[in-house]
Amino acid sequence: MISFIIRRLLASIPTLLAVLTLVFLLVRVVPGDPAIAILGDRATPDALAALRAELGLDRWIGAQYVDFLGHALRGDLGTSMVTHRQVWAEIADALPHTIVLTLAAMVIGCLIGIPAGIWAALHRNGTIDVLIRLFSLLGLSFPVFVSGIFLLIVFALQLHLFPVIGNPRPGDWIDGLHKLVLPAITLGIVMAAYVVRVTRSSMLQVLGEDYIRTARAKGVPRRAIIWRHGFSNALIPVVTVVGLYVGILIGNSVLTEIVFNRPGLGKVIVSALTQRDYTMLQGMMVIYCFLIVVVNLITDLSYGLIDPRVKQ
Amino acid sequence: MKLRVTLSAALAAATLVAVPASAAPKTDLRVGMAAQDVGQLDPHRAVSTIDRTVVAWIYNGLVRFKPGTMDPTQIEPDLAEKWESSADKLDWTFHLRHGVKFHGDFGELTADDVVFSLKKAGDAKTSAFSADFAAFKTIEATDPNTVHIMLARQVPSLLGLLTNYSGGYIVSRKAVEKYGADFTRNPVGTGPFAFVSDTPNQSLELAAFDGYFRGKPKLQHVSYRYIPSDSSRDLAFQNGEIDLIYGKQDQAWINRVRALPNSIVDVFEPGELANLNLNITAKPLDDIRVRQAIAYAVNRPELVKWQGADTARPGQSVIPAGYLGFSKDVGLVNTDVAKAKALLKEAGYPDGLTIKVIHTQLPQMLGSMQVVQAQLKKAGINLDIEVVDHATFHQQIRKDLSPIVYYAAARFPVADIYLTQFFHTASIVGKPTAVTNFSHCDVADKEIDAAKTELDTEKQVALWVEAQKKVVAAVCAVPLAEALQIWAHRTDLDYGYDLKASLSLGPLLTEATHFK
């Protein structure tokens, strides 16, 4: 197992290097000048040139790349061009909030999506199945900025159960949990809608297999057929989708963080993009990529736990 | 029943605890700003509304606009208690107030800090406003409380450059030298509120500066929160989580917020004038008849109607209304689509023409441009708008890639600044001295230059009016509409002055600002 993890992590190094290079080039190919973003419309060309020199943007792009790569490989992502904050410090501040939100949304998505998918499969084409599919369609149809605002209007403005501004007080985990509820539900509902569909179709497929029929014929109790023979075999596609969806969750967290005014990587990256803050953008993209690599690794490892054949 | 009685008693007790007999007014102000983050807190690099609003609470200038105004004739002492100038307005001496303290442990303000600040503001390496200080020949401290400024030539408003606006803010030399490039995250001024902390992408916290020379501020704490989502910001204000909110230049927003209980909408100067800058050197706009056709096709009242009567007013000249030197009698034409078509035909475009334009995706600016697009289409002028993000827009218009540039701006309220930056040859984009002359206008240099050094105010104003007439006659730009600043606050917040204008584009917080 450990050698598998090491091999996978080593295999991710070329991916990360490719991402570093691509991100470095992409942020520079996109039109827009950090110097103008910082100094505004009244700055003279002299002032803009001086700032470009200060930021190192007047150097040959190859030299900039070597410099960036050298620092990145030593774990130094530099300082923000705009705010002068350390990129690592900003990531360290924002990352836990994004991870907590993503995990909470994943838990909600799985807790709703998997049982509902199983239930729908067991009542195929019945009223429950139709209702669950309708719920799934609604969940997929509403963008998070619409469902988020809707939840805020109902639960913050009308019922006064939650605040609109979801910035948790540092060190106050009860406040943190309280302010996590609405954003996690907003993200979790969309995930649940995906998971329902995959679980339902996977369960239907498994329940139609010959060995399930054989088990029924042998008089195996219904509960054992569903959970031991059905669900455990239907789980692999579900885990694959959950793993893939975590990447989407991290992406969707951008909008959720903005709507609920929560700290997180999403807000940082949007801010960096708006201001053409190259160093911050580069750092953020590296972290996003690393997160996806880790999530994929965890997904692969979980296959082995679910299905012993994968271990072999 | 017993449970109900117990609950009622608990509720009554809680209410008694929560609302004391004589509740003291709040002293913590929560501000909701449309921003992802604050950018620069070094005042000489603070250019966005987000930065300028908060910088105005931290720093002072040698002189200041009376709070709530932007009238150059009402400039009053700030860090300088008095000043005098030579008859030719080239030598100026400023006498500083005694005992003014910087925030934190940075000691008392001295003439050395003022000299350092003004030199920093005039240096392109450390300031976005260096061009404003080009006429400064020497800045010297003649004693710890006196600063002498010598100009190489007269400037239209020296006091204007030294106000609590743009390059006029005074910083602590010791703090700048201590923090270096990080000063922008560790601002130290003399204003009523001192920087406490900055949480990236969340908020900036300020505390009352008890040593403020005008007296201890009534507010104790200011939380400047970045809430980029318009909907969330509005909901937070509506829910009582925000006391002061950045608004939208949109009539529907104004009407909606006005209808909320406990809220007051602030509509104040300066109006940001949107001009359609036409590149007079680029085809087909190098033909004045095409530019005149555009001028005749534009319908200002319709544009104002679209933007909203409370937030917009028609442009009356190529500089904003109310600036010293402004005149509305500059020869602007009214809408006449038939005349526009006739001019196009005369110019060789009987079937109309298409002009490719680069424009920003910012919703308000894009909406206005789309209204203009529809108006021009009636005359046969088809604007092919390429929509790009705002940073790209700014970069590309400075590369002369758009023959028509929609640009809205407010400047120091003296005609010279706007005329120089937008219509003087030296400011043409692409030149080493470029600012924002997108039209390549060069027809009024003589008047703009002469006005700079004219000591007789009447003659100076006449020169500025003549310059406006020439720019309008050459159709370097077509004025569209002026959009006023829109904020809203809760009724229990009292600014401590009458807010009619604010050059920082946000309400000024002073020592007198308080909750009732």
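Numbers restart at 1 for each chain; the letters A, B, ... are given by sequence-line order, proteins then strands.
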Spatial distance of atom NE2 (B:His394) from atom CZ (A:Arg276) [nearest 0.5 Å]: 11.5 Å
Separation between CZ of A:Phe260 and CG of B:Leu235, rounded to the nearest 0.5 Å: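 If I round to the nearest 0.5 Å, the distance is 10.0 Å.
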Closest-packed option against chain A by number of heavy-atom pairs under 4.5 Å, given B:Lys125, B:His390, B:Arg185: B:Arg185
When B:Gln202, B:Gln40, B:His44 are compared by non-hydrogen pairs under 4.5 Å with chain A, the top option: B:Gln202
Measure [X] against the heavy atoms of chain A and call it side chain, backbone, both or neither at under 4.5 Å.
X	answer
B:Ser427	neither
B:Pro432	backbone
B:Arg45	both

More than 12 heavy atoms from other groups under 6.0 Å of OH on A:Tyr65: yes
Stepwise salt bridge (Lys or Arg N to Asp or Glu O under 4.0 Å) check, A:Arg85 with B:Asp198: CA-CA 10 Å; A:Arg85 297 184 192 117; B:Asp198 164 35; 2.8 Å; yes
Any side-chain heavy-atom pair of A:Ile258 and B:Gln36 under 4.5 Å: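 Sidechains of B:Gln36 and A:Ile258: in contact.
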For B:Gln395 against A:Ile36, the heavy-atom pair lying closest together: CA-CD1, 3.9 Å
B:Gln238 side chain vs A:Leu157 backbone, donor-acceptor pair below 3.5 Å: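 No.
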